[in-house]
Amino acid sequence: SSGRWIFRRTSKSLPGSAAVTLALSPGGAMLLANLLQPPRCPLASPIRCQAPAQHHQPAASSSRGLLLRGAGSPVVKRLPAGDWLLWYHSGARVALATSPDGLRWSAPVAPDPLLPSTDWWVFDTAAVRPGDVLVISGPDAPSSPSRRPPPSSSAVYWLYYTGSNDARLAASPFPAADVAALPGLAISQDGRHWARIEGAHHTGALLGVGEDHPQGWEKRCAAAPKVVMHADGDLRMYYHSFDEMSQRHAVGVARSRDGIRWERVGKALEGGGPGSFDEGGVRQGHVVRDRAAGRYMMAYEGLDGNGGVSIGLAVSEDGLRGWRRCSESPALCSSEDDDEWDVAGVGAPCLVQMDGPYDWRLYYMGVGKDGEAAIGMAYSEGQGLPRFNRCDALLM
């Protein structure tokens with residue numbers, strides 16, 4: 001599989017696509033664009049906002065911040081036209097909802113964007129979870145002359161996701177440290193029909209761990225890929241893994257020129273000192289560029305010494321090194337009321353910067369005492385390092 005990339009046709013492939021193997025020479029990634037041109041059959045229209053789910057009601061005191069039940073791993077994108085898209089995991093699959101305002105969300109859009117693979121030899125046969133989505137071309141892409149899309153694609157949406165052959169990835173909102181999981185990539189021109197792109201690993205994943213990468217610290221997984229397009233030909237992937245030497249999770253970073261072939265850089269952020277809210281390790285690092293400060297901000301899961309999960313913030317000038325915590329306290333903790341929907345932990349953060357340079361939304365997964373996962377939102381306004389308050393939203 002060295003030097004080869006395969007578009008695998010599945011039940012969720014692009015309409016009219018076929019399995020194609022391409023041997024890449026230096027600069028040969030440019031040829032991928034020819035494979036991603038619209039097929040001859042009519043392509044479904046791009047996703048646009050659907051009507052929010054009906055029968056909503058004002059949020060009760062036990063549902064403050066709650067947006068969507070039975071869902072986790074939120075990946076939220078605000079499009080230039082004003083529509084909002086939310087990819088999330090529901091059971092073993094990835095689902096998609098739309099919204100006019102980022103608060104009231106539609107029922108899942110058909111078809112499901114991504115299901116576990118039916119190919120026996122791949123890394124994602126049991127469960128898939130969304131990690132991040134890049135909107136890199138077309139009318140929905142943000143305009144930035146210094147961040148042009150990779151030269152290898154004319155696709156609009158690139159979905160980076162976590163895949164596993166272990167059903168426990170779908171069974172628990174916060175999977176155990178020994179659940180094997182790897183990062184994958186799927187692409188789409190309309191946001192509804194997806195084709196997996198096979199990575200360099202022999203299972204089709206973008207990265208390998210353990211015996212497949214013996215010099216690395218990642219021995220069990222490389223999960224929750226979050227990708228930032230720093231500049232033309234410079235993409236960064238943030239992921240977490242479990243370091244058996246320290247017995248803690250950490251966030252690592254890899255770099256790529258085309259979004260498909262990745263080279264590890266090392267650890268970006270590790271757990272804090274004894275007694276800190278993240279002394280047990282850090283996971284799920286979501287990184288965005290802060291327009292106001294010109295630096296990078298990471299929201300991440302912090303595990304305390306008792307296994308509790310909260311959300312912390314860190315900043316870096318270049319997004320690669322020098323990550324430092326914004327505070328010794330979490331930006332968002334689990335609720336203190338036993339009746340709240342997120343009393344058992346909050347995590348899987350997704351930051352969205354709003355129109356005001358200091359206004360942020362934090363979408364996150366909360367877990368109740370019954371183990372049910374749900375998605376909520378908190379907001380931050382005003383200058384300085386943000387702290388977040390749960391929104392008084394509509395319960396969908």
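The figures here come from the full heavy-atom set of this structure, side chains too, leaving out hydrogens, waters and symmetry mates. Keep in mind the model is a prediction, meaning the values are calculated, not measured.
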Undergrad: Just jot down the salt bridge (Lys or Arg N to Asp or Glu O under 4.0 Å) partners of Arg283, sequence neighbours excluded, or say none.
TA: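 Result, salt bridge (Lys or Arg N to Asp or Glu O under 4.0 Å) vs Arg283: Glu301.
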Undergrad: Pick one: which of His89, Arg129, Arg196 meets side chain to side chain contact (heavy atoms under 4.5 Å, CB included) with Leu114?
TA: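 The residue from His89, Arg129, Arg196 that satisfies side chain to side chain contact (heavy atoms under 4.5 Å, CB included) with Leu114 turns out to be Arg196.
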Undergrad: Students often mix this up, so state it plainly: with edges at 30° and 60°, are the rings of Phe277 and Tyr300 parallel, tilted or perpendicular?
TA: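 If you compare the ring of Phe277 with that of Tyr300, the planes turn out parallel.
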Undergrad: Please list, chain by chain and in numerical order, all residues satisfying side chain to side chain contact (heavy atoms under 4.5 Å, CB included) with Ala176, sequence neighbours excluded.
TA: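 For Ala176, the residues satisfying side chain to side chain contact (heavy atoms under 4.5 Å, CB included) (neighbours in sequence not counted) are Arg168, Asp178, Val179.
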Undergrad: Which residues pass the side chain to side chain donor-acceptor pair (under 3.5 Å) test with Ser334, sequence neighbours left out?
TA: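 Here no residue qualifies.
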Undergrad: Mind jotting down which residue pairs meet the salt bridge (Lys or Arg N to Asp or Glu O under 4.0 Å) criterion with at least one end in residues 354-368? Sequence neighbours excluded, please.
TA: Arg78-Asp355
Undergrad: Taking only residues two or more places apart in sequence or in another chain, which ones pass side chain to side chain contact (heavy atoms under 4.5 Å, CB included) with Ser246?
TA: Asp243, Arg248
Undergrad: Test of understanding: with side chain to side chain contact (heavy atoms under 4.5 Å, CB included), list the residues that count as partners of Ala373, not counting sequence neighbours.
TA: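 Partners of Ala373 under the side chain to side chain contact (heavy atoms under 4.5 Å, CB included) test: Pro173, Met365.
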Undergrad: Any chance you could pull the hydrophobic cluster mates of Val343, using side-chain heavy atoms under 4.5 angstrom and chaining through other members?
TA: none
Undergrad: Is there a side chain to side chain contact (heavy atoms under 4.5 Å, CB included) between Val94 and Tyr88 once you walk through the steps?
TA: CA-CA 6 Å; Val94 174; Tyr88 60 94; over 6 Å; no
Undergrad: State whether the side chain of Lys77 and the backbone N or O of Trp84 hold a donor-acceptor pair below 3.5 Å, judged by distance alone.
TA: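 Judged by distance alone, no pair lies under 3.5 Å.
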Undergrad: Which of these, Thr162, Asp124, Val128, sits in a side chain to side chain contact (heavy atoms under 4.5 Å, CB included) with Leu169?
TA: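 Filter result, single survivor: Thr162.
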Undergrad: Would a 4.5 Å heavy-atom cut-off, applied to side chains only, mark Val156 and Ile136 as touching?
TA: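 Side chain of Val156 against side chain of Ile136, heavy atoms only: no contact under 4.5 Å found.
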Undergrad: Only pairs at least two apart or in different chains count here, so list each side-chain hydrogen bond (donor to acceptor under 3.5 Å, both in side chains) that has a residue in residues 304-316.
TA: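 Sorted result for residues 304-316: Ser316-Asp318.
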Undergrad: First locate atom OG of Ser256, then atom CE of Met237, and finally report the distance between them rounded to the nearest 0.5 Å.
TA: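 Those atoms lie 7.5 Å apart.
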Undergrad: State which residues pass ring pair (Phe, Tyr, Trp, His ring centres under 6.0 Å) with Tyr364; sequence neighbours excluded, sorted by chain then number.
TA: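 Per chain and number, Tyr364 pairs via ring pair (Phe, Tyr, Trp, His ring centres under 6.0 Å) with Trp341.
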Undergrad: Can any side-chain N or O of Ser99 pair as donor or acceptor with the backbone N or O of Arg104 at less than 3.5 Å?
TA: yes
Undergrad: Please identify each residue that fulfils side chain to side chain contact (heavy atoms under 4.5 Å, CB included) with Arg291, with sequence neighbours left out.
TA: Gln353
Undergrad: Using the test salt bridge (Lys or Arg N to Asp or Glu O under 4.0 Å), find all partners of Glu328 that sit at least two apart in sequence or belong to another chain.
TA: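 Glu328 satisfies salt bridge (Lys or Arg N to Asp or Glu O under 4.0 Å) with no residue once adjacent residues are dropped.
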Undergrad: Once the angle between the rings of Trp217 and Tyr239 is folded into 0 to 90°, is it parallel (under 30°), tilted (30 to 60°) or perpendicular (over 60°)?
TA: parallel
Undergrad: With sequence neighbours excluded, what pairs up with His240 under the ring pair (Phe, Tyr, Trp, His ring centres under 6.0 Å) test?
TA: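 Listed in chain order: His249.
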Undergrad: Quick check: does any side chain N or O of Arg325 sit under 3.5 Å from a backbone N or O of Ala314, one acting as donor and the other as acceptor?
TA: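 No, Arg325 side chain to Ala314 backbone: no donor-acceptor pair under 3.5 Å.
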Undergrad: For Arg257, is there an ion pair with Glu263 - N to carboxylate O distance below 4.0 angstrom?
TA: no
Undergrad: Please answer whether the main-chain N or O of Gly294 pairs with a side-chain N or O of Arg289 as donor and acceptor at a distance below 3.5 Å.
TA: yes
Undergrad: Determine yes or no for a side-chain-to-main-chain donor-acceptor pair under 3.5 angstrom, with Glu340 supplying the side chain and Asp337 the backbone.
TA: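 Side chain of Glu340 to backbone of Asp337, a donor-acceptor pair under 3.5 Å: no, none is there.
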Undergrad: Between Ser117 (side chain) and Thr125 (backbone), is there a donor-acceptor pair under 3.5 Å?
TA: no
